[in-house]
Amino acid sequence: MSTVTHTSGRARPTPPPPAGTTPGPVAESAANGVGARIFNGFSHLFLVVWAIMVVYPLLWVVMSALKTDAEVIRKPLSLFPASLQWDNFARAWTAGIDSFFLNTLLVLVGSVFLTMLLGSMAAYALARYEFPGNRLIYWMFLSGLTLPIYLAAVPLFKGVYNTGVVLPLLGPNKHVMLILVYVAWSLSFTVFFMHSFFRTLPNAIAEAGLVDGASHTRLFFSVMLPMAKPGLISIGIFNVLGQWNQWYLPTLLMQSVAGEPKNQVIAQGLIELSVNQGYKSDWSGLFAGVTMAMLPVLIVYIVFQRQVQSGLTAGVGK
């Protein structure tokens, strides 16, 4: 509908805008709304496809652990067994998974505790105190992230073997040595993550603690470390996942020796469970063992996922 303007006391209609001109604000907002809906539709579709790609293999492994060997072979892609075979878990547990499971827990508790303690202490000192060589030490820690563990396999094994000659407790096939190697392997990322987190903490609280008479050690353990709880939980989850699923280092340092008790961890146990079958195919028991190895870390992540997200975004928010 054309508008009317008054010029020299006479009404004259305003001509419509010529074709090809720039649309008004209403048309622009409508076009932007359509584009946003299309983008949201594609993003939601991608997320649905990604969720199916992640959830289906996990569900397939769990359901295959409840099948018989014949069902695993004849209908490998089916999700629903004819009847639930709960005895597969008992058979896998008694086949050796129990000892591998306990060895993994023993190593994991010691290695994660030492990694978090030493890594947070080193990151705090590097982030909050200035001293000669500060940046050099920090970059040396970061250089550990660029070194593939495979390049250090030969000197690492040789060093562990030579150490075991002098100190048998720290030799190969010993839990203590594997714990120390895990700590050294995880320190680089722990220091890198916690260094960034400690730098975001306010200086006023640290200065107030020192004014009140707290020592640097008391300040760290009683004030600064509790404030870094979101970051500690996040990096702790990453360390638990990484060390639980570690296979190369245990295979290198925890080899099976005849006449000695088996100290292998869960990743080695699953491989050994598969290899020792020989011509006997206990696929359902193997899937049950994989499920038992997968569920603990999955439960840990589900329980602490909010803390992991808050820890990853805390530094950005501050």
> I149, Y182: one ILVMFWY side-chain cluster at the under-4.5 Å cut-off?
Replying inline: yes
>> Applying a strict under-4.5 Å side-chain criterion to I, L, V, M, F, W and Y, I'd like to know whether L136 and F192 cluster together.
In response: no
> Atom NE2 of H195 and atom CZ of F141: how far apart are they, to the nearest 0.5 Å?
Replying inline: 10.5 Å
>> For a side-chain contact (heavy atoms from CB on, under 4.5 Å) check, start with the C-alpha distance between I97 and L270, then their side-chain angles and the critical distance, and finish with the verdict.
In response: CA-CA 8 Å; I97 294 296; L270 294 176; 3.9 Å; yes
> CG/L178 to CD/Q243 distance, rounded to the nearest 0.5 angstrom?
Replying inline: 9.0 Å
> Is a side-chain donor or acceptor of N239 paired with a backbone partner of V112 at a separation under 3.5 angstrom?
Replying inline: no
> Of all heavy-atom pairs between R128 and N203, which one has the smallest distance, and what is that distance?
Replying inline: NH2-OD1, 2.8 Å
>> So which atom in L252 and which in A153 form the shortest heavy-atom distance, rounded to 0.1 Å?
In response: CD2-O, 3.8 Å
> Would you call the rings of W50 and F46 parallel, tilted or perpendicular, where under 30° means parallel and over 60° means perpendicular?
Replying inline: parallel
>> Are more than 12 heavy atoms, taken from residues, nucleotides or ligands other than R74, located less than 6.0 Å from that residue's CZ atom?
In response: no
>> Would you call the rings of Y161 and F157 parallel, tilted or perpendicular, taking 30° and 60° as the class edges?
In response: parallel
>> Quick check against the 3.5 Å criterion: does D69 have a side-chain atom that pairs as donor or acceptor with the backbone of S284?
In response: yes
> Is any side-chain heavy atom of H175 less than 4.5 Å from a side-chain heavy atom of M254?
Replying inline: yes
>> Could you measure the distance from the CG atom of N88 to the CH2 atom of W86? Nearest 0.5 Å is fine.
In response: 10.0 Å
>> Going by the rule ring pair (Phe, Tyr, Trp, His ring centres under 6.0 Å), which residues pair with H216 if we only count those two or more places apart in sequence or in a different chain?
In response: Y129
> What's the verdict on side-chain contact (heavy atoms from CB on, under 4.5 Å) for V160 and K174, showing C-alpha distance, side-chain angles and the deciding distance?
Replying inline: CA-CA 10 Å; V160 170; K174 303 298 181 182; over 6 Å; no
> Do L79 and Y56 touch side chain to side chain, with heavy atoms closer than 4.5 Å?
Replying inline: yes
> About how many Å separate CZ of F198 and CE of M121, when rounded to the nearest 0.5 Å?
Replying inline: 10.5 Å
> So, N245 side chain and L241 main chain: donor-acceptor pair closer than 3.5 Å or not?
Replying inline: yes
>> I'd like to know whether F287 forms a side-chain contact (heavy atoms from CB on, under 4.5 Å) with L66, so could you lay out the CA-CA distance, the side-chain angles of the two residues, the decisive distance to 0.1 Å, and finally the verdict.
In response: CA-CA 8 Å; F287 277 113; L66 298 172; over 6 Å; no
> Roughly how far apart are L180 CG and L114 CG, rounded to 0.5 Å?
Replying inline: 7.5 Å
>> With clusters defined by side-chain heavy atoms of hydrophobic residues (ILVMFWY) lying less than 4.5 Å apart, directly or transitively, does L298 cluster with M63?
In response: no
> Taking it one step at a time, do V265 and L108 satisfy side-chain contact (heavy atoms from CB on, under 4.5 Å)?
Replying inline: CA-CA 10 Å; V265 297; L108 198 67; over 6 Å; no
>> So, taking the atom named CD in E207 and the one named CG in D212, what distance separates them when rounded to the nearest 0.5 Å?
In response: 12.0 Å
> With distance as the sole test, does D98 use its side chain to make a donor-acceptor pair with the main-chain N or O of T94 at under 3.5 Å?
Replying inline: no
> Using 30° and 60° as the class limits, which term best fits the ring planes of F220 and Y124: parallel, tilted or perpendicular?
Replying inline: tilted
>> If you count heavy atoms of other groups shown closer than 6.0 angstrom to OH of Y248, is the number above 12?
In response: yes
>> In the structure I gave you, are the side-chain heavy atoms of I205 and L201 within less than 4.5 Å of one another anywhere?
In response: no
>> Minimum heavy-atom separation for P202 and M227, please, with both atom names.
In response: CD-CE, 3.7 Å
> What orientation do F197 and F193 show, parallel under 30°, tilted 30 to 60°, or perpendicular over 60°?
Replying inline: parallel
>> Which heavy atom of N40 sits nearest to which heavy atom of S43, and what is that distance?
In response: O-OG, 2.8 Å
> What heavy-atom pair brings V183 and S111 nearest, and what distance separates the two atoms?
Replying inline: CG2-O, 3.7 Å
>> Starting from L126, can I reach M140 by hopping between I/L/V/M/F/W/Y residues whose side chains sit under 4.5 Å apart?
In response: no
>> How about OH on Y138, more than 12 heavy atoms from neighbouring residues, nucleotides or ligands closer than 6.0 Å, or not?
In response: yes
> Got a donor-acceptor contact below 3.5 angstrom from the S186 side chain to the T115 backbone?
Replying inline: no
> Would you say the ring centroid of F101 lies under 6.0 angstrom from that of W244?
Replying inline: yes
> Under 4.5 Å between side-chain heavy atoms, hopping through other hydrophobics if needed: is there a path connecting L210 to L225?
Replying inline: yes
> What pair of heavy atoms forms the shortest contact from A214 to L219, and how long is it?
Replying inline: CB-N, 4.4 Å
